[in-house]
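Since the structure comes first, as structure tokens, the remarks are kept for the end.
We use all heavy atoms of the structure for the numbers below, so side chains are in, but hydrogens, waters and symmetry mates are not.
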Amino acid sequence: MKAVVKFIRILAAVCLLGLGANALEEGTDYQTLQKPLNVPKNSVAKVFSYECVHCYKFDRTVTPKLFSELDGVKFIPYHLKTKGTLGETASKIFAAMIVLDEASDVSLLSDKSKFKKAKFAIYKATHDKGDDFNGGKDKAKFIKEALGAAGVSDADYDKALASTRAQEILKTWDESYDVAKIQGVPAFVVGGKYLLNVQALGSVGAMTEAIKELLVK
């Protein structure tokens, strides 16, 4: 009997050690935002910039794989208008495309998404082709590049951008600067409250587990 009790105590100690080894550490794996984002709890917001090459790389590989492992978790993009010569214009394009996707009930992660098509058109023009759109002066070409890829007319773009929903999105995105200045972009915020330290986590698998743990925190 004593041997059994001793075994149970040892097993419990091992379990506790295991939990401690796998538990997230605040300040290392994530940090709590002083100013939470105004998003649903069961969500992950990604703060990004069209001019950020790392954001482009993440959107090609990490983002789709990450959300394929997060069933039922809402993906919410936050574009940073303060980075890039055409940052504000890009934000307007993305907000309008989101409005059109929402009206068609299309996921922003879907290949059918107008937001995704416009975003990648801008990414590719900026990073693959090295187009700076005449130092940011050629807004018309920039917009045309995005709308052409998304299959959206100028009239539909103007209408979507003028909508109350698009203006709400743009106003909400102003919060992205306070997040981006902490550790740059891309930045992933869980439940509007917890900012992941992507570098410390080191892999999509670790990010996935961290998000799942923080969503129930």
Do [X] and [Y] have side chains that get closer than 4.5 Å, going by heavy atoms?
X: Phe75; Y: Thr63; answer: yes
X: Glu209; Y: Lys212; answer: yes
X: Ile122; Y: Phe94; answer: yes
X: Ile98; Y: Pro77; answer: yes
X: Leu214; Y: Leu196; answer: yes
X: Tyr56; Y: Thr126; answer: no
X: Leu80; Y: Trp173; answer: no
X: Asn42; Y: Leu215; answer: yes

- Query: How are the rings of His127 and Tyr123 set relative to one another: parallel (under 30°), tilted (30 to 60°) or perpendicular (over 60°)?
  - Reply: tilted
For a quick test of reading the model, state the closest non-hydrogen atom pair linking [X] to [Y] and the distance between them.
X: Gln183; Y: Val198; answer: NE2-N, 4.4 Å
X: Leu37; Y: Ala45; answer: CD1-CB, 3.9 Å
X: Lys46; Y: Asp59; answer: NZ-OD1, 2.6 Å
X: Cys55; Y: Pro186; answer: SG-N, 3.6 Å
X: Lys114; Y: Ala150; answer: NZ-O, 3.5 Å
X: Val152; Y: Met97; answer: CG2-SD, 3.9 Å

Distance (rounded to the nearest 0.5 Å) between [X] [atom1] and [Y] [atom2]:
X: Leu195; Y: Asp29; atom1: CG; atom2: CG; answer: 12.0 Å
X: Asn197; Y: Gln31; atom1: CG; atom2: CD; answer: 8.0 Å
X: Asp156; Y: Leu147; atom1: CG; atom2: CG; answer: 9.5 Å
X: Ile211; Y: Tyr194; atom1: CD1; atom2: OH; answer: 13.5 Å
X: Arg165; Y: Ile169; atom1: CZ; atom2: CD1; answer: 4.0 Å

[X]/[Y] ion pair, N-O < 4.0 Å:
X: Glu175; Y: Lys35; value: no
X: Lys144; Y: Asp154; value: no
X: Asp101; Y: Lys112; value: no

Would you give me the side-chain donor-acceptor pairs under 3.5 Å for residues 81-92, sequence neighbours excluded?
unit_1	atom_1	unit_2	atom_2	d
Lys81	NZ	Asp174	OD1	3.2
Ser91	OG	His79	ND1	2.7
Ser91	OG	Gly87	O	3.3

- Task: Determine, using ring centers only, whether Tyr78 and Phe48 are less than 6.0 Å apart.
- Result: no
- Message: Working note: Val44 + Phe67, criterion side chain to side chain contact (heavy atoms under 4.5 Å, CB included); need CA distance, chi angles, decisive distance, verdict.
- Response: CA-CA 9 Å; Val44 175; Phe67 281 90; 3.6 Å; yes
- Message: For Lys74 and Val39: C-alpha separation, side-chain torsions, deciding distance, then whether side chain to side chain contact (heavy atoms under 4.5 Å, CB included) applies.
- Response: CA-CA 10 Å; Lys74 186 175 179 61; Val39 296; over 6 Å; no
- Message: Are Ile182 and Ile76 connected into the same hydrophobic cluster when the rule is that any two of I, L, V, M, F, W, Y join if their side-chain heavy atoms are below 4.5 Å apart?
- Response: yes
- Query: Does one hydrophobic cluster hold both Val106 and Tyr157, with members joined at side-chain heavy-atom distances below 4.5 Å?
  - Reply: no
- Contacts of Phe133 meeting ring-ring contact (aromatic ring centres under 6.0 Å, His included) (sequence neighbours excluded), chain-then-number -> Phe142
Side-chain donor/acceptor of [X] to backbone N/O of [Y], under 3.5 Å:
X: Ser113; Y: Leu109; value: no
X: Lys65; Y: Val204; value: no
X: Ser163; Y: Lys159; value: no
X: Asp138; Y: Asn134; value: no

- Taking everything shown except Asn38 itself, do over 12 heavy atoms lie less than 6.0 Å from its CG? no
- Task: Could you please spell out the steps behind the side chain to side chain contact (heavy atoms under 4.5 Å, CB included) verdict for Val190 and Lys217?
- Result: CA-CA 10 Å; Val190 182; Lys217 184 176 173 64; over 6 Å; no
- Task: Indicate whether any N or O donor in one side chain lies under 3.5 Å from an N or O acceptor in the other, for Glu26 and Thr32.
- Result: yes
- Item | Cationic tip of Arg60 above Phe58 ring, under 6.0 Å, 45° of axis | no
- Message: Which residue is it: Lys117, Lys119, Lys139, Lys129? I am looking for the one with a salt bridge (charged side-chain N to carboxylate O under 4.0 Å, His left out) to Glu145.
- Response: Lys129
- Message: Would Leu66 and Thr208 count as a side chain to side chain contact (heavy atoms under 4.5 Å, CB included) here? Give the steps.
- Response: CA-CA 6 Å; Leu66 180 66; Thr208 302; 3.4 Å; yes
